Number of protein chains: 2
Amino acid sequence: MDVEIITIGDELLTGHTINSNSAFIAQRLTDIGLNVRYISTTGDSLEQMEEAFRLALKRARVIITTGGLGPTDDDNTKKAIVKVFKRNLIFHEDVLDNIKKRYAQRGIEMPAINQNQALLPQGATFFSNRYGSAVGICLVENGRTFISLPGVPQEMKQIMIDEVIPYLKGLKNNQSLKIIKLRTTGIVESKLSELITPELKLKTGVKLAYLPSYSGVDLRIIATAENDDEANEKAHQLRRYLEKVVGKYIYGAEDDTLEGILGQLLKDNDKTLAVAESCTGGQLGMLITSVSGSSSYFLGGIISYSNESKIKDLSVPADVIDNFGAVSEECAKSMAQGCRQHFESDYALSITGIAGPTGDTENKPIGTTYIGLATSHSTYAKKFNFGSDRQANRTRATYAALEFLRREMLDIK
Amino acid sequence: MDVEIITIGDELLTGHTINSNSAFIAQRLTDIGLNVRYISTTGDSLEQMEEAFRLALKRARVIITTGGLGPTDDDNTKKAIVKVFKRNLIFHEDVLDNIKKRYAQRGIEMPAINQNQALLPQGATFFSNRYGSAVGICLVENGRTFISLPGVPQEMKQIMIDEVIPYLKGLKNNQSLKIIKLRTTGIVESKLSELITPELKLKTGVKLAYLPSYSGVDLRIIATAENDDEANEKAHQLRRYLEKVVGKYIYGAEDDTLEGILGQLLKDNDKTLAVAESCTGGQLGMLITSVSGSSSYFLGGIISYSNESKIKDLSVPADVIDNFGAVSEECAKSMAQGCRQHFESDYALSITGIAGPTGDTENKPIGTTYIGLATSHSTYAKKFNFGSDRQANRTRATYAALEFLRREMLDIK
């Protein structure tokens with residue numbers, strides 16, 4: 001059952017906005033075993049939408065569109081639906097009441113223009129929108145399921161998760177599917193493959209995909225079978241194999257994040273953390289604090305961007321910097337130690353490196369980075385060689401630091 | 001002249017990877033006046049590529065594809081080109097030499113498999129790839145221009161900017177185009193429109209688009225005319241009008257970034273900056289230091305995530321926190337002052353707020369944020385009310401802080 005996702009918006013065609021809606025929808029559909037065969041972007045004009053809708057109805061069984069459901073005259077999705085499906089728009093009193101109530105709750109009167117959003121295609125069913133006034137639209141015709149959602153990400157995501165995914169699960173054929181995603185870090189894809197492949201015996205209906213990103217490589221297991229128990233068993237059998245051969249690199253599964261996993265470890269063990277950052281400039285602190293509730297284990301950090309700050313704020317001895325340089329194992333250890341003492345935390349992580357594009361020397365190319373860790377019983381540091389891209393270097397160093405502490409806490413060598 | 005962008009990759013169809021390549025290409029094409037009418041995503045299989053290529057050749061004059069040009073058997077773009085255009089693959093000795101040289105420079109021997117990348121479609125022309133071994137391919141047939149680029153972002157971008165854009169400029173019809181992008185911040189789109197619209201008189205061939213994002217609202221002027229001088233004059237006339245009515249919100253143009261503009265201001269005035277962050281956890285420091293060369297003006301920062309850290313590291317009096325709370329004008333001012341004294345910087349910015357989803361009180365809903373600024377002659381703070389999304393709140397606070405300092409330095413009320 002092939003799916004086409006159509007994202008509507010001139011701002012996508014001009015490249016002003018990056019298309020995150022399609023990735024979100026595609027991932028959710030893939031997770032329930034649907035095959036996304038086409039992702040298309042079209043413009044806001046009625047003509048372009050019509051063209052895209054007609055094409056999709058020819059080549060896909062399920063079509064999901066985003067955008068164009070606002071109240072203004074430029075919002076053409078419903079007009080395109082009316083033309084393509086040859087339906088009328090019918091006024092829905094209950095939908096209007098809901099929209100009015102939404103505005104009343106914010107203490108405002110509903111602008112007259114929003115009445116348009118209660119005009120909906122005849123014969124369609126609707127998905128509630130918790131965060132906005134545009135209801136999701138669902139039309140079934142000639143074996144095709146056509147769903148139109150608002151383009152505002154927060155609204156689209158809520159309707160997808162609460163309404164559309166459960167709805168589509170009911171449409172799928174009866175083959176059972178089990179998907180397991182294992183999240184690894186600290187190892188490149190080719191090395192991971194070298195460890196996995198030798199003893200890998202894939203059963204029929206079991207696939208393994210490698211999905212690399214800056215934070216590491218995700219391993220996605222997709223198992224299909226006649227029934228749920230069989231699909232589950234096949235998937236878990238592969239999972240057990242992967243845990244056996246590359247378990248030390250697996251930090252979590254599904255939607256786990258490295259910063260979330262580390263936060264949980266700190267919480268569970270009642271430990272605290274502080275950070276001392278140079279080249280990452282605050283990115284490590286930002287990532288750690290992106291986890292809601294991190295204030296229970298994260299005490300704070302020093303962005304020691306200058307050598308003066310390393311010396312003054314982290315008590316790094318001036319001669320460490322003179323003799324070894326700010327980007328060195330010695331400096332990283334000293335930064336971590338000073339940070340731990342300053343914040344009186346259980347752990348302190350430090351990052352010092354050459355992010356680029358300038359700053360490299362003969363012995364230290366761009367990407368040379370040291371990550372330090374101070375604990376209650378020791379202080380040590382490790383050298384990393386990232387690449388030549390400033391942004392990538394800073395991001396990779398940030399994730400490498402999180403992993404550095406995770407392995408210390410779990411005693412992984 | 002309609003353009004279709006085809007991004008190839010199963011990881012796009014499963015939603016694992018967000019499609020940033022299409023946005024990059026679309027923006028560059030739009031900037032030279034080409035009309036991107038279609039953006040399509042297809043899978044890695046030969047069959048899917050063939051289908052996508054054939055469709056694009058029917059409906060667009062210029063087609064740009066990314067992906068599938070690697071050396072392995074899974075890389076099918078050239079095979080699809082061969083089938084669709086009915087051409088042979090020819091071996092190019094010079095291309096092979098280049099690939100060998102690239103590996104030699106890294107001290108490695110070229111893997112045998114990479115010989116495939118010297119097999120290229122007959123009658124095509126090629127674009128050099130500075131960062132990888134896959135050359136860009138360009139085929140012209142029946143009035144269609146078909147360009148295939150590698151999918152690796154760094155490689156694709158380099159070839160687009162250095163080779164493809166200059167090439168395509170030559171293909172365009174002779175109408176003159178002038179595009180000016182003005183970047184505003186600190187004002188929402190509807191308010192900006194209220195200020196602009198009353199006296200706005202758009203000439204024929206002049207369009208104005210509002211492009212909002214977390215960092216602010218971009219204003220894009222597109223002027224078309226018979227010749228360059230006329231297009232330039234129309235565009236600049238509108239620019240002068242916009243600078244007159246909303247000039248205080250315009251921080252830059254084209255690819256200027258708020259962090260880059262602020263960095264330049266600090267450099268030009270020989271001033272230094274330090275930061276004290278609570279709810280943003282390091283994001284402000286990260287953004288400031290994302291600018292290469294920021295070490296010349298950025299001294300460092302304190303991530304004072306706990307109240308203890310605010311008191312100890314920023315000398316915020318305990319009774320300020322007791323009486324007014326950590327999220328208050330008084331605390332923000334105190335944090336900024338303490339930060340400035342600590343780092344001995346000319347300026348210090350502070351951010352303290354309730355990012356959410358927890359932490360709100362009756363008087364202080366999620367999104368309540370104070371940004372403080374300490375200068376050599378005064379310390380003051382401003383209250384902001386962002387939204388309900390943790391990530392968005394942190395990002396908007398970060399940009400608001402940069403703007404806060406920009407306006408102080410330029411004496412904008």
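In this text, all values refer to a predicted model and were calculated from it rather than measured experimentally. So you know, we letter chains A, B, ... as the sequences are listed, proteins then strands, and number each from 1.
- No other option in B:Gln154, B:Glu11, B:Gln48, B:Arg28 has as many heavy-atom pairs under 4.5 Å with chain A as B:Gln48.
- For the residue pair B:Ser290/A:Arg394, the side-chain donor-acceptor check at 3.5 Å is not satisfied.
- Here the shortest heavy-atom pairing between B:Glu277 and A:Ile303 reads OE2-CD1, 4.1 Å.
- Using a 4.5 Å cut-off between heavy atoms, A:Thr280 contacts chain B through its backbone alone, with no side-chain atom that close.
- With respect to B:Arg37 and A:Glu47, a salt bridge is recorded, a charged nitrogen being found less than 4.0 Å from a carboxylate O.
- A:Tyr38 and B:Glu51 share a donor-acceptor pair across their side chains, judged by distance under 3.5 Å alone.
- Heavy-atom pairs under 4.5 Å with chain A peak, among B:Ser306, B:Ala26, B:Ser22, at B:Ala26.
- Across A:Ser309, A:Ser292, A:Ser213, the residue that shares the most heavy-atom pairs under 4.5 angstrom with chain B is A:Ser292.
- For CD of A:Glu189, the number of neighbouring non-hydrogen atoms (other residues, nucleotides, ligands) closer than 6.0 Å is greater than 12.
- Ranked by heavy-atom pairs under 4.5 Å with chain B, the list A:Thr42, A:Val36, A:Ile39 is led by A:Ile39.
- Contact check for B:Met286 versus A:Leu287: no side-chain heavy atoms found under the 4.5 Å cut-off.
- Listed options B:Gly301, B:Gly282, B:Gly300 were ranked by heavy-atom pairs under 4.5 angstrom with chain A; first place goes to B:Gly301.
- With A:Lys312 contributing its side chain and B:His342 its backbone, the two residues share a donor-acceptor pair below 3.5 Å.
- Looking only at heavy-atom pairs under 4.5 Å with chain B, the residue among A:Leu211, A:Ile302, A:Ile18, A:Thr358 that has the most is A:Leu211.
- Rounding to the nearest 0.5 Å gives a distance of 8.5 Å between CG of B:Asp313 and CG of A:Asp313.
- Neither the backbone nor the side chain of A:Glu308 comes within contact range of chain B; no heavy atom of the residue lies under 4.5 Å from a heavy atom of that chain.
- For B:Asn35, no part sits under 4.5 Å from any heavy atom of chain A, backbone or side chain.
- Here the shortest heavy-atom pairing between B:Thr14 and A:Arg220 reads CB-NH1, 3.6 Å.
- Residue B:Thr17 comes nearest to A:Ala23 through the heavy atom pair O-CB, 4.2 Å, listed as atom of the first residue, atom of the second, then distance.
- Summarising the geometry, atom OH belonging to A:Tyr305 is positioned 3.5 Å from atom OG belonging to B:Ser294; distances are rounded to the nearest 0.5 Å.
- Of the residues considered (A:Thr7, A:Asn19, A:Leu299), A:Leu299 shows the highest number of contacts with chain B, using heavy-atom pairs under 4.5 Å.
- To the nearest 0.5 Å, the span separating CZ on B:Phe343 from OG on A:Ser304 amounts to 8.5 Å.
- Of the two parts of B:Glu4, neither the backbone nor the side chain holds a non-hydrogen atom closer than 4.5 Å to a non-hydrogen atom of chain A.
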Q: Go through the steps for B:Arg59 and A:Leu55 under the test side-chain contact (heavy atoms from CB on, under 4.5 Å), then give the verdict.
A: CA-CA 12 Å; B:Arg59 60 187 189 175; A:Leu55 174 63; 3.3 Å; yes
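- Atom CD of A:Gln391 has 12 or fewer heavy atoms from other residues, nucleotides or ligands within 6.0 Å.
- Among all heavy-atom pairs drawn from B:Thr30 and A:Leu13, the shortest one is OG1-O, 3.8 Å.
- Heavy-atom pairs under 4.5 Å with chain B were tallied for A:Gln27, A:His16, A:Gln283; the largest tally goes to A:His16.
- Looking at A:Asp31, there are no atoms closer than 4.5 Å to chain B (heavy atoms on both sides), in backbone or side chain.
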